2 protein chains.
Amino acid sequence: ENILQVKPVIYRQITVPQHGGKDYCTDSGLVVPSVPYELHKRLLAAAERWGLSLERRLETIGVCSSQMALTLLGGPNRLTPKNVHQRPTVVLLCGPHIQGAQGISCGRHMANHEVEVILFLPNFLKMQESVTSEVNLYSRTSGKQVASVKDLPASPVDLVINCLDCHENQLLREQSWYQSAADWANKNRAPVLTIDPAVGEQCQTVEAKWTLSLGLPLPLAEAESRVYLCDIGIPKLVFQEVGIRYHSPFGCKFVIPLHSA
Amino acid sequence: ENILQVKPVIYRQITVPQHGGKDYCTDSGLVVPSVPYELHKRLLAAAERWGLSLERRLETIGVCSSQMALTLLGGPNRLTPKNVHQRPTVVLLCGPHIQGAQGISCGRHMANHEVEVILFLPNFLKMQESVTSEVNLYSRTSGKQVASVKDLPASPVDLVINCLDCHENQLLREQSWYQSAADWANKNRAPVLTIDPAVGEQCQTVEAKWTLSLGLPLPLAEAESRVYLCDIGIPKLVFQEVGIRYHSPFGCKFVIPLHSA
């Protein structure tokens, strides 16, 4: 007899000490739980202690989110040398915080791939260093930068990438630059990708067609968005350090779709 | 009449002030010239001055080279939750230098994706900081680390990733750890991927099936390897700063095959 013993597939490979309230699953049925913001923050801090610095994370997020965005723009069909005169236009809406820096890193990698990128970033006298250094690098691309919504295109662009929200400061939403940027996005008829969407019960100020969560999803406001998850390079034992039993749900990919479980 | 004016496609979109002696072309026919090592080094230094630090570069190279290696291992067919009991094994051969650090970053991302990684790194009292910090992060994966070739598997593994060579020090090749690692690789029957292959007329000490060049190819020893190029995130104006007129040959990808022109 030649019977292969097939072990049963375990679908719940990630268990968390505090639950964010919602389970997702991957295309192959693996369960991915959401985690509260506090636990997510401790996870990133533990990774930083081991040397996975914010700079490194910004780079991984930039590469992986731009790969996702390039696919959303049509991938190889759209971006060929023969199409160089019909380059897609992407508007990047960024606040002056880490979420904004993540967006600018994405924008640099997209501009490097010959996408027409227009970065909206409000003028502030003092910015976080992570934002300044991303802007510095971005300035070496042929992407544009504007500080006023008046300078954004009136006609629909190909994609809007939304990085206006910050997890730590919900009051931003009341500032005028925020509101005018959100209004612009909702009036422009381009589809929206939100990177690292804000937690909370408050509804999205900019309605996203797609959202990209980082590492593990946070509890998000109920919305119609299609949820994606990005591998940000955190090793298993770092998850363990904050009490998360983790097996990668990513297979060979770095960005995967999640479904409501 | 409804005639669309189609501008001719320009295939030589990258021009360099010093030529490395060999032209490559992409699948779509774009010409990619090789550059001398000195020019490549100046390009990386210019990028670092603008904030694209070694750390960032290590992360981009880790993500992109692991994506390539995961594809070489069979991609989605091989790495599914149902295949968890037949995880591929990869041996990573690293020297104590930046090329080694690049390999360790690749190894971390592969281990994060549930590949069985065995890192060979010789014992040195003093290592470059970039190597130490990569080892630190790698130690948080479930990957193994060995300092002696005796502890590497005798039976063929699925893939060997070779990062033994250093551009700055060809004498490494005469050291015993180097020679024993190269011998092991040539005896094991696994296919070899070399990341950032060494310049020079000397032949490869480890015969690679695939090589992955970073940014722009260096003049490589004639070999049978299939050459790939990795986008390491350098913006156009940084290329310009060292005299290179650059348009991305990558389309929507971060790793592309190159062919002899």
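Fair warning: this is a prediction, and the values are worked out from it, not measured in the lab. Naming convention: chains lettered A, B, ... in sequence-line order (proteins, then strands); numbering from 1 in each chain.
The candidate with the highest count of non-hydrogen atom pairs below 4.5 Å against chain B, out of A:Asn112, A:Ile10, A:Leu73, is A:Asn112. Heavy-atom pairs under 4.5 Å with chain B were tallied for A:Arg57, A:Lys236, A:Glu114; the largest tally goes to A:Glu114. Among B:Ala47, B:Ser248, B:Pro235, the residue making the largest number of heavy-atom pairs under 4.5 Å with chain A is B:Pro235. Ranking A:Val115, A:Thr26, A:Thr60, A:Val238 against chain B, the residue ahead of the rest is A:Thr60, based on heavy-atom pairs under 4.5 Å. Annotation: maximal heavy-atom pairing with chain A below 4.5 Å, among B:Gly75, B:Cys252, B:Gly251, occurs at B:Cys252. Your options are A:Gln13, A:Glu134, A:Met110, A:Arg78, and the one with the most heavy-atom pairs under 4.5 Å with chain B is A:Glu134. Taking A:Ser133, A:Gly143, A:Gly233, A:Ser28 one by one and counting their heavy-atom pairs under 4.5 Å with chain B, the maximum is reached by A:Gly233. Most heavy-atom pairs under 4.5 Å with chain B, from the set A:Leu70, A:Leu58, A:Val63: that is A:Val63.
Contact check on A:Arg49 versus A:Glu241 returns a salt bridge, with a Lys/Arg side-chain nitrogen under 4.0 Å from an Asp/Glu carboxylate oxygen. Note on B:Asp231 versus B:Lys253: no salt bridge recorded, every NZ/NE/NH1/NH2 to OD/OE distance being 4.0 Å or above.
Ring orientation note: the planes of B:Tyr246 and B:Phe239 are close to parallel, at an angle under 30° on the 30°/60° scale.
Heavy atoms of A:Tyr138 lying under 4.5 Å from chain B are absent altogether. Contact of B:Leu137 with chain A is made through backbone and side chain together, with heavy-atom distances under 4.5 Å. The part of A:Ile234 that comes within reach of chain B is its backbone (N, CA, C, O), which places non-hydrogen atoms under 4.5 angstrom from that chain. At a 4.5 Å heavy-atom cutoff, the contact between A:Ser142 and chain B is made by side-chain atoms alone. Using a 4.5 Å cut-off between heavy atoms, B:Thr71 makes no contact with chain A at all. Contacts between A:Ser139 and chain B at a heavy-atom distance below 4.5 Å involve backbone atoms as well as side-chain atoms. Heavy atoms closer than 4.5 Å to chain B are found in the side chain of A:Arg108, but not in its backbone.
Side-chain atoms of B:Gln67 and B:His109 include no donor-acceptor pair closer than 3.5 Å. Under 3.5 Å, the side chains of B:Glu55 and A:Ser53 contain a donor-acceptor pair of N or O atoms.
The shortest heavy-atom contact between B:Glu59 and A:Arg56 is OE1-NH1, 2.9 Å. Across every non-hydrogen atom of A:Phe124 and A:Pro96, the tightest pair is CE1-CG, 3.5 Å.
Here A:Cys106 contributes atom SG and A:Ile61 contributes atom CD1; the two are 10.0 Å apart, rounded to the nearest 0.5 Å. In this structure, the separation between OG on A:Ser213 and NE2 on A:His40 is 7.5 Å, given to the nearest 0.5 Å.
Contact annotation: the side chain of B:Pro191 never approaches that of B:Leu72 to less than 4.5 Å [non-hydrogen atoms, C-beta and beyond].
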